[in-house]
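Some notes on the structure that comes next.
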Amino acid sequence: MNARNNGSHSRRQRSKCSLSLKIARNAPIAVLLRRGPTGWVQMIRWDLRTDSFTEGQWFKGRIYAELSNLSPDGELLLYSARKTNAWTLFRADGVGDTWTAISRPPYFTALGLWPNGCWDGGGLFNELRSVKLGLPFPKAQNSFTQDRLKVTGTQEHLHQPLSLQIALQEGWQPLNQSPESLNDYHWQLNTHLGKEIGQGAARITRSVRQGKHWKLHKRFTVSNVHNQWDLGEVDLVDFDTRGRLILSTDGRLMVCDSPTEPELQWRELANFAHNKPQPLPPPDWAKEWPPVSNREE
């Protein structure tokens, strides 16, 4: 077998993975959701001040990043989850196979949990400890308490899909349609999104197409006053709280410190491609609600 075939064989054997990114609005904290191998997701906490990473729990199932949201202070993650055996509607615990939960990154251990159906669930933080869920009448499991959290539901059909509301909150803006006109569940397939820093000094454009088995393929373009770059189909491109350009593909996390320069210079921050599922019991602090100061409340 020649070198080229060896390389192809190696790529086929390596577990494919992808990264999704959630960034806190008011704190230098982010969460990465690493998906892969099929049926597994790992949560990773990212300290944006030091570029240090804390690799956390694995979840066997699916986490819908587009329906998940990080609290403004980065202390809580609201996530939409589904187990792999998704056709079982209810288990003995009454939860079923799809639910919305809140946990402390980088752990999936639920502080609050709400069962939901296949076509609803997820949510976003309105304020520091106030969430709106994609459920008409959210009812938490009795074994959980939400004393530290204000929870509201969606009492009527969403005019805007929840995934669009989350994208808007994260700073993305539709380029070819007004947000008010987007009320289709599959709005991403017809809408280009843009995000910029420095009043347009650097800009990201994102487009999506649907491939086989409902897989969404995201394509990104970056531009500034000097040039434009087609980054192709990668997992994510975004700006962090420091104004840096973030890119990820195949489990590699890359950063461009100066996205307004004539050339984009990339460096690797981390490579999570070879992570493998393993048990990680939550520490005691991950089973408790984070403290909130009077100033934050």
Side-chain angles (χ1 to χ4, degrees), residues 18-23 31 33 35 38-39 41 59 61-70 77-90 95-102 112-126 130-140 151-195 204-221 233-238:
S18 61
L19 296 177
S20 299
L21 176 65
K22 295 292 173 179
I23 301 177
V31 164
L33 295 171
R35 184 180 179 185
T38 302
V41 180
F59 173 78
R62 176 78 180 270
I63 301 295
Y64 293 93
E66 69 275 11
L67 298 176
S68 303
N69 198 225
L70 192 59
L77 179 70
L78 189 160
Y79 63 88
S80 175
R82 188 191 77 185
K83 295 298 289 183
T84 52
N85 55 333
W87 300 113
T88 303
L89 295 180
F90 295 99
V95 174
D97 287 304
T98 56
W99 64 85
T100 299
I102 284 185
L113 188 148
W114 300 264
N116 56 251
C118 296
W119 302 106
D120 54 11
L124 73 165
F125 282 86
N126 294 316
S130 174
V131 297
K132 179 174 71 173
L133 302 183
L135 296 167
F137 304 101
K139 183 178 180 181
V151 180
T152 58
T154 304
Q155 303 300 322
E156 56 187 18
H157 178 70
L158 290 174
H159 175 64
Q160 288 183 335
L162 179 60
S163 56
L164 173 61
Q165 294 183 43
I166 293 174
L168 293 172
Q169 188 192 81
E170 293 175 347
W172 295 97
Q173 290 294 323
L175 300 179
N176 55 333
Q177 300 181 65
S178 68
E180 293 75 20
S181 67
L182 298 175
N183 53 21
D184 181 10
Y185 180 80
H186 301 291
W187 65 273
Q188 296 185 63
L189 300 177
N190 305 308
T191 307
H192 299 298
L193 295 180
K195 180 185 283 194
I204 303 169
T205 302
R206 182 179 76 178
S207 60
V208 177
R209 68 174 179 86
Q210 183 175 294
K212 294 182 179 180
H213 308 296
W214 299 89
K215 179 177 174 59
L216 297 182
H217 298 270
K218 293 173 285 186
R219 191 177 190 92
F220 294 89
T221 299
E233 291 190 7
V234 294
D235 296 329
L236 72 90
V237 178
D238 209 335

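We number each residue from 1, following the sequence as shown. It should be emphasised that the depicted structure is a prediction, and the values quoted were computed from it without experimental measurement.
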- Task: Take the angle between the ring planes of Phe220 and Trp172 and call it parallel below 30°, perpendicular above 60°, tilted in between.
- Result: tilted
- Message: Tell me every residue that passes side chain to side chain donor-acceptor pair (under 3.5 Å) with Gln169, counting only those two or more places apart in sequence or in another chain.
- Response: Arg25, Asn69
- For the side chain of Asn116 and the backbone of Thr100, is there at least one donor-acceptor N/O pair under 3.5 Å apart? yes
- Message: Considering only residues two or more places apart or on different chains, which pairs with a residue in residues 169-180 satisfy salt bridge (charged side-chain N to carboxylate O under 4.0 Å, His left out)?
- Response: Lys22-Glu170
- Query: Do the non-hydrogen side-chain atoms of Phe59 and Lys83 ever get within less than 4.5 Å of each other?
  - Reply: yes
- Message: If I compare all heavy atoms of Pro136 with all of Asp120, which pair ends up nearest, and what's the gap?
- Response: CD-OD2, 4.5 Å
- Item | Between CG on residue Leu216 and CZ on residue Arg219, distance to nearest 0.5 Å | 15.5 Å
- Query: Can you tell me how far the OG atom of Ser18 sits from the CG atom of Leu236, to the nearest 0.5 Å?
  - Reply: 9.0 Å
- Do Gln173 and Leu168 come within less than 4.5 Å of each other through their side chains, counting heavy atoms only? yes
- Do Ser163 and Trp187 have side-chain heavy atoms sitting under 4.5 Å apart? yes
- Partner set under side chain to side chain donor-acceptor pair (under 3.5 Å) for His217, not counting sequence neighbours: Glu233
- Task: Answer yes or no: is there a side-chain heavy-atom contact under 4.5 Å between Thr191 and Leu164?
- Result: no
- Could you pull out the closest heavy-atom pair between Gly121 and Leu162, with the gap in Å? O-CD2, 3.4 Å
- Message: Given 3.5 Å as the limit, does a donor-acceptor pair link the side chain of Lys218 with the main chain of Asp235, or not?
- Response: yes
- Heavy atoms of Gly123 and Leu78 approach each other most closely as N-CD2, 3.4 Å
- Query: Hey, what do you get for OG1 (Thr98) to CZ (Arg82), rounding to the nearest 0.5 Å?
  - Reply: 9.0 Å
- Can you list the residues that meet the side chain to side chain donor-acceptor pair (under 3.5 Å) rule with Gln188, with sequence neighbours excluded? none
- Message: Which residues pass the side chain to side chain donor-acceptor pair (under 3.5 Å) test with Ser181, not counting sequence neighbours?
- Response: Ser178
- Spacing of CZ belonging to Arg35 relative to CD1 belonging to Ile63, to within rounding of 0.5 Å: 10.0 Å
- Distance, nearest 0.5 Å, that separates CD1 of Ile204 from OG1 of Thr221: 10.5 Å
- Is there side-chain contact between Val237 and Arg206, with at least one heavy-atom pair below 4.5 Å? no
- For Leu67 and Ser80, which heavy atoms make the closest approach, and how far apart are they? CB-CB, 3.9 Å
- Mark yes or no for whether Gln165, through its side chain, and Gln160, through its backbone, hold a donor-acceptor pair below 3.5 Å. yes
- Query: How far does CG of Leu70 sit from CG of Leu124, to the nearest 0.5 angstrom?
  - Reply: 12.0 Å
- Query: Which pair of heavy atoms, one from Asn190 and one from Gln177, lies closest together, and at what distance?
  - Reply: O-NE2, 3.0 Å
- Task: With sequence neighbours excluded, tell me which residues meet side-chain contact (heavy atoms from CB on, under 4.5 Å) with Leu175.
- Result: His192, Arg203, Thr205
- Query: Taking all non-hydrogen atoms of both residues, which atom of Leu133 and which atom of Trp114 are closest, and how far apart?
  - Reply: CD1-CD2, 3.6 Å
- Message: By the definition side-chain contact (heavy atoms from CB on, under 4.5 Å), identify the one residue from Leu77, Val131, Val151, Leu113 that meets it with Ile102.
- Response: Val131
